[in-house]
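Contents: one structure, followed by commentary.
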Amino acid sequence: MTSGSLPNDVAGLLATFGVSAADHSGGQRVVRSPLTGETIAQVREVAPSDATTAIGRAHDAFLAWRQVPAPRRGEFVRLLGEELRANKEALGRLVTIEAGKILSEGLGEVQEMIDICDFAVGLSRQLYGLTMGSERADHRLMEQWHPVGVVGVISAFNFPVAVWSWNAALAFVCGDSVVWKPSEKTPLAALAVQALTERVIARFPEAPEGLSVLLLGGREVGEALVDDTRVPVVSATGSTAMGRIVGQRLAARFGRAILELGGNNASIVAPSADLDLALRAIAFGAMGTAGQRCTTLRRLIVHESVYDRLVSRLKRVYAAVSIGNPLDGDALVGPLIDEAAFTAMDEALSQARAAGGTVHGGERQTAGVPAGGVYVRPALVEMPAQVGPVVHETFAPILYVLKYSTLDEAIALQNGVPQGLSSSIFSTDMRETDRFTSARGSDCGIANVNMGSSGAEIGGAFGGEKETGGGRESGSDAWKAYMRRQTNAINYGHAMPLAQGVRFDIADEDNGDDRGSADA
Ligand code: NAD
């Protein structure tokens, strides 16, 4: 790639989605590619008052969409999946240019969108409620799931499009409309996805205008979404600092929050671990996406008997990993999102040194990488204890390594941080692996065995505990958060028994003349 070609490349890609030049030039928000630091677009953002109007459109759309049968709503999502399939290459490339992840991961992100669409299509013929045995004669007790309303989606830069789809594909089949506020760092991939969605809306007779609304803007626009009582559910993905504000604002108006926040994920490497397998999983987990995944492996807890063997191999892998332009097939580690991310990384490494850590790597790279981007060698940090920066999430490729002697100690270290997203154990000892996934094992939303902490499939519910926010999205029964549950008790008899045997016998002279037409 020659310097200066990126803006043209981006304009060409956006044109394939039908995004007009007016949407990505001349606006106030400068968008830079982390690959080279070049300005690739200037998008127009909305004001918080525009957000209020747009939410009104989405609310009107919801009132119509909730009446469309769920399997037809599934058909809409199937067509969206088809658009994504047809545009996977272009969208994956745009994700790479805007977010900096290697092309294979950019394409993987779009594949994840396709997968969740497929999942949602099947879901559209399910959306099951239960029936329960009633304690009263001639009564039926059951529950139904109804569309809930406008779903607000606030997303982070590092998964600029997949996070929207985990929420939107489910919300659409559940009968909801969606208002999306993407990261201000990645508006272009959002514009492309919005264009594809509008294409499907245009050719789907029952899909109302306003079914899918995109709001480009910063934090104030996100706050307008969070504060609007016409938005019963807000799914917010990003830092714990953001979630702390959003969660409290939503709670103040009794809105429902799906919070998907920061992680500080660990893997335990036990004495019986297959070290060849573990090494590959650790390398991807810790260095993949340049350490900028919520599920990135940040802490490695290694048994003392295998510590030296594993860490010496890891040091060699860290020293040799290819860093460079993520559009080139050879690079495994692309750039950090911006200069601020490097500053945060550098500060965390200084704190680690001050706390007795030994740092391998972590230097800024200038040779063999595009000028203008922020490229770093991932850092491996041997720590004497879980202190200082180890208990925080630094959104950069730093892997802290700790030693343990008993499994109890390892699990206590794994759980001994404020975050609770993802975790894993490498062991071939069943007692250890089952203990790790048991109630007294990992306290995280995700606990893997003989795998790394990152790279979740869409089939399972995704999210974590503690400061990760407690939200769940994507697969399993996460769809329930996008609907409202209604419990129905139905009396098909003539008597009027009260639950729990309560008696409330009123005096009534009539004796059955008004029993309704069924008895006539
Ligand atoms: P960020 O918190 O800076 O921004 C995320 C989004 O929140 C952006 O769209 C931003 O505009 C918006 N926002 C910020 N303050 C807001 C406010 N007060 N009200 C409403 N909206 C607000 O996060 P980031 O730097 O884009 O992403 C990195 C972070 O996201 C990391 O902490 C990472 O772990 C986390 N993340 C979590 C998950 C998950 O599923 N748990 C997934 C991806 C990223």
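We count ligands from 1, going down the list as the structure has it; atoms in each ligand are counted the same way.
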When you check the side-chain N and O atoms of [X] and [Y], is any donor under 3.5 Å from an acceptor?
X: Thr237; Y: Ser155; value: no
X: Gln28; Y: Arg44; value: no
X: Asn264; Y: Glu393; value: no
X: Ser442; Y: Ser423; value: yes
X: Thr229; Y: Arg253; value: no
X: His360; Y: Glu382; value: yes

Just go through Gly217, Cys294, Pro187 and tell me whose heavy atom is the nearest to atom 42 (C) of ligand 1.
-> Cys294
Are any side-chain N or O atoms of [X] and backbone N or O atoms of [Y], one a donor and one an acceptor, separated by less than 3.5 Å?
X: Thr289; Y: Gln292; answer: no
X: Trp479; Y: Cys174; answer: no
X: Tyr318; Y: Met287; answer: no

Give yes or no for whether the N/O distance cutoff of 3.5 Å, strictly under, is met between [X] and ligand 1.
X: Glu393; result: yes
X: Thr240; result: no
X: Glu473; result: no
X: Phe462; result: no
X: Phe157; result: yes
X: Thr468; result: no
X: Lys181; result: yes

For ligand 1, which atoms, with element, lie under 4.0 Å from some heavy atom of [X]?
X: Gly262; value: 32 (O), 34 (O)
X: Pro182; value: 9 (O)
X: Ile245; value: 18 (N)
X: Val246; value: 19 (N), 20 (C)
X: Asn158; value: 43 (C), 44 (C)
X: Arg219; value: 15 (N), 16 (C), 17 (C), 18 (N), 19 (N), 20 (C)

Minimum-distance protein heavy atom relative to [atom]:
atom: atom 12 (C) of ligand 1; result: Ile154 CG2, 3.6 Å
atom: atom 35 (C) of ligand 1; result: Gly238 O, 3.2 Å
atom: atom 19 (N) of ligand 1; result: Glu223 CG, 3.2 Å
atom: atom 41 (N) of ligand 1; result: Leu261 O, 2.8 Å
atom: atom 27 (O) of ligand 1; result: Ala156 CB, 3.3 Å
atom: atom 6 (C) of ligand 1; result: Ser155 O, 3.4 Å
atom: atom 2 (O) of ligand 1; result: Ser239 OG, 2.6 Å
atom: atom 22 (C) of ligand 1; result: Met242 CG, 3.6 Å

Record the part of [X] in heavy-atom contact with ligand 1 below 4.0 Å; permitted values are side chain, backbone, both and neither.
X: Ala236; result: neither
X: Thr237; result: both
X: Glu184; result: side chain

Compute the minimum heavy-atom distance from Gly469 to ligand 1 and say whether it is under 4.0 Å.
-> no
Phe395: heavy atom below 4.0 Å from ligand 1, yes or no?
-> yes
Can a salt bridge be assigned to the pair Arg57 and Glu209 using a cut-off of 4.0 Å between side-chain N and carboxylate O?
-> yes
Decide, yes or no, whether a salt bridge links Arg364 with Glu339 under the criterion of side-chain N to carboxylate O below 4.0 Å.
-> yes
Test item: protein heavy atom less than 4.0 Å from atom 15 (N) of ligand 1 | yes
Phe159-Trp164 aromatic ring centre distance below 6.0 Å | no
Ile97 and Ser33: which non-hydrogen atoms are nearest, and at how many Å?
-> O-OG, 2.7 Å
Can you list every ring-ring contact (aromatic ring centres under 6.0 Å, His included) pair that touches residues 24-51, not counting sequence neighbours?
-> none
Glu457 CD: over 12 foreign heavy atoms closer than 6.0 Å | no
Sequence neighbours excluded, every pair satisfying salt bridge (charged side-chain N to carboxylate O under 4.0 Å, His left out) that has a member inside residues 147-162 = none
